[in-house]
Amino acid sequence: MQIQNLRKSFGNLEVLKDINFEVNKGEVICIIGPSGSGKSTLLRCLNLLEEPDEGNILFNVSEKDEAVTEEWDLTSPDTDLNKLRTKIGMVFQSFNLFDNKNVIDNCTLGQLKVLDRSKEEAEDLAKDLLDQVGMSDFLYAPVSSLSGGQKQRVAISRALAMQPDIMLFDEPTSALDPEMVGDVLNVMRKLANSGMTMVVVTHEMEFAREVADRVVFMDDGYILEQGNPENIFTKPNHKRTQEFLRRVL
Ligand code: ADP
Ligand code: MG
């Protein structure tokens with residue numbers, strides 16, 4: 001995915017100011033930076049939950065036959081939002097699950113409605129994914145009865161059930177009790193190791209350092225610097241990055 005000259009304002013507030021970066025297949029990118037710097041807005045622009053004002057987002061969409069890819073410009077008005085959202089999975093800080101439905105229904109709904117899969121096919125995949133995140137004992141539990149860490153693992157399974165090309169995570173552990181954070185990070189670590197392309201907004205610096213191929217530092221609507229984790233964490237170029245890291249490390 002290539003993000004070129006992306007800009008986004010809310011009224012008079014310019015939140016993204018000429019953002020340029022790329023996400024290569026299989027790469028794990030962690031976006032760090034102070035609160036209000038535009039991280040969530042950037043992520044939301046990547047799957048068009050927010051409409052960018054300017055710029056291009058080029059994305060190679062895989063077809064069923066994985067060898068074939070089609071290049072989409074997501075900012076084009078022809079973009080099919082439903083199809084796009086099957087290709088780009090998103091995990092939110094606040095889970096965004098259907099609380100009144102059970103675990104497996106949360107993980108099959110999109111497959112049935114958007115991908116037209118059979119109930120059996122959808123359930124088989126959901127069960128498999130829920131098993132991988134340690135949630136097979138909760139298939140028929142209402143989501144409202146789960147802990148935050150369990151909800152987030154269900155949310156990850158739900159996104160993966162669409163078999164996306166890329167997964168976006170917006171502070172997936174920020175709303176969790178501390179003892180739940182590790183389980184969710186482990187699931188994400190496994191996913192990264194499996195080769196999934198991931199863009200993760202996070203305050204978990206240890207995770208970023210260990211798992212990211214590239215760390216992007218955002219400040220006040222700009223990408224101030226990006227590079228491999230070792231460089232960003234031990235010898236950042238910008239004073240703002242140094243100050244931020246001093247506060248959070
Ligand atoms: P971060 O995720 O880095 O904390 P955000 O992208 O959430 O930053 O927000 C960046 C700025 O944009 C903040 O000043 C925030 O208040 C503002 N903002 C975000 N979403 C909206 C919106 N829908 N309407 C108006 N202002 C918004
Ligand atoms: Mg945010």
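Order of listing sets the numbers, starting from 1, for every ligand and every atom in it.
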Which other residues end up in the same hydrophobic cluster as F98, if Ile, Leu, Val, Met, Phe, Trp and Tyr are linked when side-chain heavy atoms come under 4.5 Å apart?
-> L109
The remaining residues in the hydrophobic cluster of L245, counting side-chain heavy-atom contacts under 4.5 Å among Ile, Leu, Val, Met, Phe, Trp and Tyr, are I32, M205, V215, F217, L224, I232, F233, F244, V248, L249
Taking all non-hydrogen atoms of both residues, which atom of M196 and which atom of P164 are closest, and how far apart?
-> CE-O, 3.8 Å
For M188 and M198, the nearest pair of non-hydrogen atoms, with its separation, is O-CE, 3.6 Å
Is it the case that more than 12 heavy atoms not belonging to R214 sit under 6.0 Å from its CZ atom?
-> yes
Give every protein N, O or S atom lying under 2.8 Å from the Mg ion (ligand 2), naming each by residue and atom.
-> S40 OG
What are the atom names and distances for all N or O pairs under 3.5 Å between ligand 1 and the protein?
residue  : atom  : partner : partner atom : Å
ligand 1 : 2 (O) : S40     : N            : 2.9
ligand 1 : 2 (O) : S40     : OG           : 2.8
ligand 1 : 3 (O) : S37     : N            : 3.2
ligand 1 : 3 (O) : S37     : OG           : 3.4
ligand 1 : 3 (O) : G38     : N            : 3.1
ligand 1 : 3 (O) : K39     : N            : 2.9
ligand 1 : 3 (O) : K39     : NZ           : 2.8
ligand 1 : 4 (O) : G36     : N            : 2.7
ligand 1 : 6 (O) : T41     : N            : 2.9
ligand 1 : 6 (O) : T41     : OG1          : 2.5
ligand 1 : 8 (O) : G38     : N            : 3.2

Residues R209, E230: salt bridge by 4.0 Å N-O rule = yes
When every non-hydrogen atom of P172 is compared with those of V91, the smallest separation belongs to CB-CG1, 4.2 Å
Derivation and outcome, salt bridge (charged side-chain N to carboxylate O under 4.0 Å, His left out), residues D165 and K25 = CA-CA 8 Å; D165 289 340; K25 195 166 163 29; over 6 Å; no
Hey, is R247 close enough to E243 for a salt bridge, meaning N to O under 4.0 Å?
-> no
